[in-house]
Amino acid sequence: MTMLEKTYNPKDVEERLYRDWEASGAFRAGNKPDAKPFTIVIPPPNVTGSLHIGHALNNTLQDILARFERMRGRDVLWQPGMDHAGISTQLVVERQLEERQTSRQKLGREEFLKRVWEWKAESGGTILRQLKRLGASCDWSRDRFTMGETEADQMSRAVLKVFVELYAQGLMYKDTRLVNWDPRLQTAVSDLEVENIEIKGNLWHIKYPLADDPERFITVATTRPETMLGDTAVAVHPDDERYRALVGRQVRLPLSDRLVPIVADDYADPEKGSGAVKITPGHDFNDYEVGRRHKLEPLSILTLDGKINDKAPAAYRGLDRFDARKRVVADLEALGLIEKVEPVTHAVPHDEKTKTVVLEPMLTEQWYLNVKPLAEKALDAVRDGRTKFVPERFADEYYRWLEDIRPWCVSRQLWWGHQIPAWYDDKGNIFVAESEVDARAQAKAKLGRDVALTRDPDVLDTWFSSALWPFSTLGWPEQTPELKRYYPTDVLVTMFDIIFFWVARMMMMGLHFTKQVPFHTVYIHARVVDERGQKMSKTRGNVTDPLTLIDEFGADALRFALAIAAAAGKDLRMGRGRVETYRNFCTKIWNAARFCEMNGCVRVAGFEPSKLKSTLNRWIVGELVRARNEVTAAIEGYRFNDAAGGLYEFVWNVYCDWYLEFIKPVLGGNDEAQAAETRATAAWVFDEVLRLAHPFMPFITEELWRVTGEQGPKREAMLISAPWPDYAKIARDAAAETEMNWVKTLISEVRSVRAEMNVPPASKLPLQLKGASASEAEWLKRHNDLILRLARLETATTGKDLAKGSAQIVVGQGTVGLALEGVIDFAKERARLTKDVQKADSEIARIDAKLSNKDFVSRAPEEVVQELREKRAEYEAARAKLLEALKRLD
RNA sequence: GGGCGAUUAGCUCAGUUGGUAGAGCGCAUCGUUUACACCGAUGAUGUCGGCGGUUCGAGCCCGUCAUCGCCCACCA
């Protein structure tokens, strides 16, 4: 027989138990073919990543759900996998190459990709190992990768298929327009990947001379003067009197010496600046639109790496865009064309990853997905409740974005990613197909002969494949048994910052390709910030490493700390202090187990929680039922903090602080039958606690389950596969509850009086309880042993000389030379209940008054009257309950 | 410029249909009673951001203001 160690040491058990779980096959989906499936797809972490505390939270919550539903008998699939993370991964490997004095350009595409795959094989598993340390019960046999190309993992095929179909449906198309461009990586990025950062800059007011009257000027203002090299017009508002005469005339663009027209366009705001605005369609999104309206050809004056190109005057060619800005300003100054310079703060688009590179609107040809029709379906699915957000308010954010969605630029000028399945001939014909063979066949069918084809070098936005994740991981486009069984998935657990990037796009793609929502519920959890409330980031250096915390306190402590702090959708501050607190909770549970062990509290066969004789035991069973119901309802409602909190409260403040203290005198007493029943009850309740706690603290509970399983009747070998408690058949004993609450109150009050009166702990005093009701007197007698022990009394008896309803205790009068007198108000409870009855009475009277007012009844809408009647009935019912409770007190 | 969230004990935060304000940490006093000092007992501390309103009754509902934070937005 195993004896429990004095303290719980997570390091000794976590690794072993995780291996046992895996070996038992408990993580695998499909174990219970007759059970209802329950599916969660993991938000795939980046291969480049390592587990940060946000992942720890995200995966803890998913694991709680997975383990909970598994115990409730569902066939659980928690689908794991990783994301290829296009840009991040490419950058990581490029940086490595840089250290070795080489580059991807030198290696060539094929060799470079080989190196990335090698890197993935080496480093990609880190995060999975970390998830295992956390206790994540994913079905690892089904591990997937967004660029998977193996027999089992055909993620890439799904991506090709989707692209080809979208193209065939006319939703995927190429277009040349302005796109957010990263001049450092030389790739397009989508609108979502742009972060507008407020920075200090200047607003230069520049004078443009009229072409036919060089002495007259029209002033425009800009924060980016170098773009004037690409100006193709000046716009003024059509109703602006100041400029009406100038519309149709031209200005001579300084530095470039080109003539550009003055056009009338609503875009020009007469209130702003001079009312005239320079138009640069090649380098500004608004100007692009203005240019289109006036048939102005966009003029791009930048190279793809952000230098001035040869469309600009020779003096500026080859200059970096920021150097060009200085040069332009200097030259304008020299010419006396700067009217004034105002310092301003304005939002400048930066790349969202590094937040350092200033993005440039750039005219390039890219692939676009027309998401508008997909968005309509995605909106409807949330509007009609097929998918619901928890908390609900996030649905608004989702609506807002989808309602105003623009075409999604899906091509990236990178190497690492899904290469776009489009081939071109030398005439510029496009053939989109799942393979080169198919593309050739298409070309031959169209042109009547074999032609040389070259594949589009670009790759897809990483989020494109992520958008397919819920169904591509299950084998789509094949109608696999897994897809039929586990799709749609049940709940997506994620954070608010990727609602647009990921959630909305999964909804769109899921509905478009499977006609079903990808998940019924989207649970948005908190963001983890550091102890000072700052967002954690590598650059800030304030990242808390969950593994360090696991090493120090154990995985269960970290998990519990995260769960109990995880009120939906709010920032969550996390540091080692909190984890330490819940390490202490683990220790508490461990010690409760040791108490049971030392006192022979062993489970017995045929234990019947409904047929207990002792009030004490009936009471704790009732409390357990209450806790179980609370925890269950809270998890079902994704109120993880309430679930963990309810469990904590029951284990610590009810089971340990009261019940175990209560039973000490019973276990040592001479009523052997009661002692035996109590040992069995203590063991049974503890066993149930292990079940309730398991989703939150899988390791310690599993270990205690193993040890306590060595004695008593046989039960499930592993807790992970044991059933969740179901107490539908257990009736809670309200009388036992009232009785034990009275005992608890009595003990607390005596302790309180003792402390206030500074009675030494060693002094055992006699207690006389005066004015007790008949049942109170009985309770005092029945629980005399434990009252004496816990309140440190010599005797506890009743007296009868005070009025009922104002019960008093008189403690040790004359015994220690002090007269201790404290009022215990059992009357307090009566007063409260009485007050509530009175409230109900007054409420009923108020409603009656209204209802007897004939004028009101005849004029008010039927619903209002009906509502009042219902309310009255409710108050009647509440009143009856209160009276019953009052009666119980007597 | 729009939208959302937050404001509760010294700190970090709970508070789900409106009914006498809670937890953890911290603090104070006491305690080595055979599970646990990673513990137990007892206690102190709150005009629930301000001001109005609805209600018999508001931390919770309505209006308004203030401060902080986040998201979205094409402003020269």
Enquirer: Between B/rC61 and B/rU54, how many Å separate the two C1' atoms, rounded to a whole number?
Expert: 8 Å
Enquirer: Sequence neighbours left out, what passes salt bridge (Lys or Arg N to Asp or Glu O under 4.0 Å) with A/D551? Give chain and number order.
Expert: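 So A/D551 forms a salt bridge (Lys or Arg N to Asp or Glu O under 4.0 Å) with A/R133.
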Enquirer: Just the rounded figure in Å: distance from C1' of B/rG22 to CD1 of A/I564.
Expert: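 It works out to 13 Å between those atoms.
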Enquirer: Any chance the side chains of A/R594 and A/N591 put a donor and an acceptor closer than 3.5 Å?
Expert: yes
Enquirer: In whole angstrom, give me the gap between the C1' atoms of B/rU32 and B/rC25.
Expert: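 To the nearest whole Å, 25 Å.
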Enquirer: Provide, to the nearest angstrom, the distance between the CG atom belonging to A/D287 and the P atom belonging to B/rC74.
Expert: 13 Å
Enquirer: Nearest whole Å is fine: how far is B/rC71 C1' from A/R393 CZ?
Expert: 12 Å
Enquirer: Nearest whole angstrom, please: distance from the P of B/rU16 to the CD of A/E392.
Expert: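 Interatomic distance, CD of A/E392 to P of B/rU16: 15 Å.
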Enquirer: State which residues pass salt bridge (Lys or Arg N to Asp or Glu O under 4.0 Å) with A/R406; sequence neighbours excluded, sorted by chain then number.
Expert: A/D191
Enquirer: Residues in ring pair (Phe, Tyr, Trp, His ring centres under 6.0 Å) with A/F686, at least two apart?
Expert: none
Enquirer: Please measure how far the C1' atom in B/rG46 lies from the corresponding atom in B/rA14, and state the result in whole Å.
Expert: 15 Å
Enquirer: Mind checking ring pair (Phe, Tyr, Trp, His ring centres under 6.0 Å) for A/F500 and listing every partner two or more places apart, or none if nothing turns up?
Expert: A/W401
Enquirer: I'd like to check the side-chain contact (heavy atoms from CB on, under 4.5 Å) partners of A/A347; sequence neighbours left out, ordered by chain and number.
Expert: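 A/A347: side-chain contact (heavy atoms from CB on, under 4.5 Å) contacts with A/N196, A/E198.
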Enquirer: When you measure only distances, ignoring hydrogens and angles, does the side chain of A/R583 come within 3.5 Å of the base of B/rC38 through a donor and an acceptor?
Expert: yes
Enquirer: What integer number of Å spans the P atoms of B/rU20 and B/rG59?
Expert: 11 Å
Enquirer: In chain order, what residues pass the side-chain contact (heavy atoms from CB on, under 4.5 Å) check against A/Y399, with sequence neighbours excluded?
Expert: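 Scan of A/Y399 (side-chain contact (heavy atoms from CB on, under 4.5 Å), adjacent residues dropped) gives A/L379, A/V382, A/R383, A/A395, A/D396, A/E403.
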Enquirer: Could you state the OH-C1' distance from A/Y398 to B/rC72, rounded to the nearest angstrom?
Expert: 17 Å
Enquirer: When the C1' atoms of B/rC48 and B/rU8 are compared, how many Å lie between them, rounded to an integer?
Expert: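 Comparing C1' positions in B/rU8 and B/rC48 gives a spacing of 4 Å.
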Enquirer: Mind checking ring pair (Phe, Tyr, Trp, His ring centres under 6.0 Å) for A/Y8 and listing every partner two or more places apart, or none if nothing turns up?
Expert: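 Per chain and number, A/Y8 pairs via ring pair (Phe, Tyr, Trp, His ring centres under 6.0 Å) with A/W590.
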Enquirer: Rounded to whole Å, please give me the gap between CE in A/M495 and P in B/rC70.
Expert: 13 Å
Enquirer: Using atom P in both nucleotides, what's the gap between B/rG50 and B/rU34 to the nearest angstrom?
Expert: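 The same atom, P, in both gives a distance of 50 Å.
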Enquirer: Counting the atoms with a prime plus P, OP1 and OP2 as sugar-phosphate, which does A/S274 contact under 4.0 Å by heavy atoms, base, sugar-phosphate, or nothing?
Expert: nothing
Enquirer: Stem finding on RNA chain B, please: runs of three or more consecutive Watson-Crick or G-U wobble pairs, both distances under 3.5 Å, sorted by first number.
Expert: B:1-7 with B:66-72, B:10-13 with B:22-25, B:27-31 with B:39-43, B:49-53 with B:61-65
Enquirer: Regarding A/D269, tell me which of base, sugar-phosphate or nothing describes its non-hydrogen contacts under 4.0 Å with the strands shown.
Expert: base
Enquirer: Could you tell me how far B/rA6 sits from B/rU45 if I compare only their P atoms? Round to whole Å.
Expert: 29 Å
Enquirer: For RNA chain B, whose closest nucleotide is more 5', that of A/R751 or that of A/D642?
Expert: A/D642
Enquirer: How about CD on A/E5, more than 12 heavy atoms from neighbouring residues, nucleotides or ligands closer than 6.0 Å, or not?
Expert: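 Incorrect, the count does not exceed 12.
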Enquirer: What's the gap between B/rU55 and B/rC13 when it is taken at their C1' atoms, as a whole Å value?
Expert: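 To the nearest whole Å, 30 Å.
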Enquirer: Between C1' on B/rC70 and CD1 on A/I499, what's the gap in Å once rounded to a whole number?
Expert: 12 Å
Enquirer: Given atom CZ of A/R177 and atom C1' of B/rC74, what is their separation to the nearest angstrom?
Expert: 13 Å
Enquirer: Do A/H205 and A/E342 pair up side chain to side chain, a donor and an acceptor below 3.5 Å, judged on atom types alone?
Expert: yes
Enquirer: Nucleotide by nucleotide, 5' to 3', does protein get under 4.0 Å of the base (B), only the sugar-phosphate (S), or neither (-) in nucleotides 23-37 of chain B, counting heavy atoms?
Expert: -S-----SS-B-BB-
